[in-house]
A.B. asks: 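Questions regarding the structure given below will be posed in turn.
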Amino acid sequence: MLTSTQLLDEYIQIWEEKRDAGIAHTREAWDERADEWVKEEQNEQDSRMTQRRIAESIKVLQGAGALGPDSNVIDVGCGPCHFVAEFARTAKHVTGTDLSPRMLEHGADYCHQRGLYNTSFVPCDFKEISVEEMGWRGAFDLVFSSMTPALSEFRCIEKIIEMSRGWCCNSTCIISSSTMETELAGILGIEAVRPAWDGRWFHALNSIVWLLGYFPQTSYYELRYEENYEITQKTVERLLRHHYRELTPGEDRAQEVYERLLEKADNGIFTDQIVSWHGSVLWDTRIRTRRW
């Protein structure tokens, strides 16, 4: 039987398995992704999905008393700052931090266009920063993160706890399935390969927080939607990275996927039907007990 310490080590290993996961998490890569991401968010459906995720997070946070008019909030790995903007409508001040300065430029524009100036933006590599040097120890009532690689190491979970004088919350996709994923698996004959989201990391974080002595609160909601893809070779490369991050098919296989998807597409467009469960792990850093 595993001890609590051994269990914690097991869950930390699961959590850190997602580190990089076949994607280059560099400032240059995310700067390049920034403009594309903003264009995607201008799509009505993408925007609707983002707003649903934000609304669900705010409902959980306000329900727990973790977000209010006196709150000083930081969003770690905030991307284009849509969560930052919505939090700023309620909170006293919200800081957005991201590896990509370009992403934060878009984020600042997004907030300021909406008259939200109780915001600030700090470009940094969260994995490398010192909480002490940044002056962030115990500086925030809420430390929030959503689907970011910034926390992909256990020491980064420790950092967000150190930064909080109240709450920590991680909001993420828990598990998803899609017709595109099914098609890719069928073409490559790799149904057993783990998809990008399969619930392990959500479970691992919840368990880590519990084993550290806190009392994590979990919440869940379902999203169902369609996404249209123009089938190009560049699109296929991106889809393979997204759905099967641990797989690096050769050029011949990628070409095969491209040709087979074109056969399935309608005038070059493949409609992906997606079902995903999202949720959050929320905990009060002021309440802690020994687990062993």
Side-chain angles (χ1 to χ4, degrees), residues 18 20-54 79-82 98-100 102-103 105-107 109-110 146-149 172-199 221-278:
K18 75 175 181 177
D20 297 334
I23 298 175
H25 294 305
T26 64
R27 184 183 69 180
E28 293 75 17
W30 284 106
D31 274 348
E32 184 177 341
R33 178 82 173 93
D35 294 340
E36 180 183 352
W37 201 339
V38 170
K39 288 179 182 178
E40 289 177 3
E41 290 295 338
Q42 291 171 349
N43 175 278
E44 181 179 350
Q45 179 172 268
D46 290 337
S47 178
R48 187 167 60 250
M49 292 301 102
T50 298
Q51 290 305 314
R52 170 75 188 282
R53 290 174 48 223
I54 293 170
C81 298
H82 292 179
D98 198 273
L99 179 62
S100 164
R102 181 65 177 155
M103 199 76 79
E105 289 176 14
H106 286 301
D109 288 343
Y110 184 85
S146 175
M147 298 175 68
T148 174
T172 188
C173 177
I174 300 171
I175 191 166
S176 67
S177 63
S178 74
T179 51
M180 174 64 80
E181 183 178 289
T182 301
E183 288 294 338
L184 292 175
I187 293 168
L188 295 169
I190 51 169
E191 287 86 349
V193 174
R194 266 198 320 250
W197 302 103
D198 65 0
Y221 61 95
E222 184 188 43
L223 291 178
R224 290 177 177 266
Y225 57 101
E226 292 184 347
E227 190 164 344
N228 292 321
Y229 291 100
E230 180 183 2
I231 301 304
T232 66
Q233 291 178 328
K234 184 175 181 180
T235 299
V236 168
E237 291 173 5
R238 182 162 62 87
L239 287 168
L240 287 171
R241 287 198 305 269
H242 173 73
H243 286 284
Y244 295 110
R245 296 180 180 183
E246 297 169 353
L247 176 72
T248 307
E251 291 183 9
D252 291 344
R253 299 310 307 276
Q255 180 65 24
E256 178 187 356
V257 171
Y258 167 68
E259 293 173 357
R260 294 276 295 277
L261 286 179
L262 270 182
E263 293 174 3
K264 298 279 187 177
D266 182 8
N267 293 321
I269 303 297
F270 184 98
T271 300
D272 189 9
Q273 298 180 348
I274 303 164
V275 179
S276 63
W277 280 88
H278 292 244

A.B. asks: Can you give me the closest heavy-atom contact between Pro80 and Met103, atom names plus distance?
C.D. replies: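 Shortest heavy-atom separation between Pro80 and Met103 comes out as N-CG, 3.6 Å.
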A.B. asks: Do Arg48 and Tyr225 touch side chain to side chain, with heavy atoms closer than 4.5 Å?
C.D. replies: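 The answer is no, as the side chains (C-beta and beyond) never meet within the 4.5 Å cut-off.
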A.B. asks: Determine whether Val257 and Leu184 make a side-chain contact, defined as any pair of heavy atoms from C-beta on separated by less than 4.5 Å.
C.D. replies: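 Yes. Closest side-chain heavy atoms under 4.5 Å.
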A.B. asks: If you count the non-hydrogen atoms of other residues, nucleotides and ligands that lie under 6.0 Å from CD in Glu28, is the total more than 12?
C.D. replies: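 Yes.
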A.B. asks: For the CG atom of Leu262 and the CD1 atom of Ile269, what is their distance to the nearest 0.5 Å?
C.D. replies: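 These two atoms lie 10.0 Å from each other.
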A.B. asks: With rounding to the nearest 0.5 angstrom, report the OH to OG1 distance, Tyr258 to Thr232.
C.D. replies: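 Interatomic distance, Tyr258 OH to Thr232 OG1, rounded to 0.5 Å: 7.5 Å.
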A.B. asks: Heavy-atom distance under 4.5 Å between the side chains of Glu183 and Asp272, does that happen here?
C.D. replies: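 They are not in contact (no side-chain heavy atoms under 4.5 Å apart), so the answer is no.
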A.B. asks: How about Thr179 and Thr271: do any of their side-chain heavy atoms sit closer than 4.5 Å?
C.D. replies: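 Counting from C-beta outward, Thr179 and Thr271 never come under 4.5 Å.
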A.B. asks: Do the side chains of Lys264 and Ile231 get nearer than 4.5 Å, heavy atoms only?
C.D. replies: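 A side-chain contact is absent here, since even the closest heavy-atom pair is not under 4.5 Å.
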A.B. asks: Enter the distance from Leu223:CG to Arg53:CZ here, rounded to the nearest 0.5 Å.
C.D. replies: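 Between Leu223 CG and Arg53 CZ, I get 8.5 Å after rounding to 0.5 Å.
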A.B. asks: Can you tell me how far apart CG (Asp98) and CZ (Arg27) are? Round to the nearest 0.5 Å.
C.D. replies: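 With rounding to 0.5 Å, CG (Asp98) is 12.0 Å from CZ (Arg27).
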A.B. asks: Would you find more than 12 non-hydrogen atoms of other residues, nucleotides or ligands less than 6.0 Å from Gln51 atom CD?
C.D. replies: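 Correct, the count exceeds 12.
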A.B. asks: To the nearest 0.5 angstrom, please state how far the OG atom of Ser146 sits from the NE2 atom of His278.
C.D. replies: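 One finds 9.0 Å between OG of Ser146 and NE2 of His278.
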A.B. asks: Under 4.5 Å between any side-chain heavy atoms of Val236 and Gln255, yes or no?
C.D. replies: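 Sidechains of Gln255 and Val236: no contact.
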A.B. asks: With rounding to the nearest 0.5 Å, note down the distance linking CG in Leu99 to CG in Asp31.
C.D. replies: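 Atom-to-atom, Leu99:CG and Asp31:CG are 8.0 Å apart.
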A.B. asks: Can you see which heavy atom on Ile187 is nearest to which on Glu256, and at what distance?
C.D. replies: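 Of all heavy-atom pairs spanning Ile187 and Glu256, the closest is O-OE2, 3.9 Å.
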A.B. asks: Could you go through Glu237 and Gln233, starting from their C-alpha distance and side-chain angles, then the distance that decides it, and tell me whether this counts as side-chain hydrogen bond (donor to acceptor under 3.5 Å, both in side chains)?
C.D. replies: CA-CA 6 Å; Glu237 291 173 5; Gln233 291 178 328; over 6 Å; no
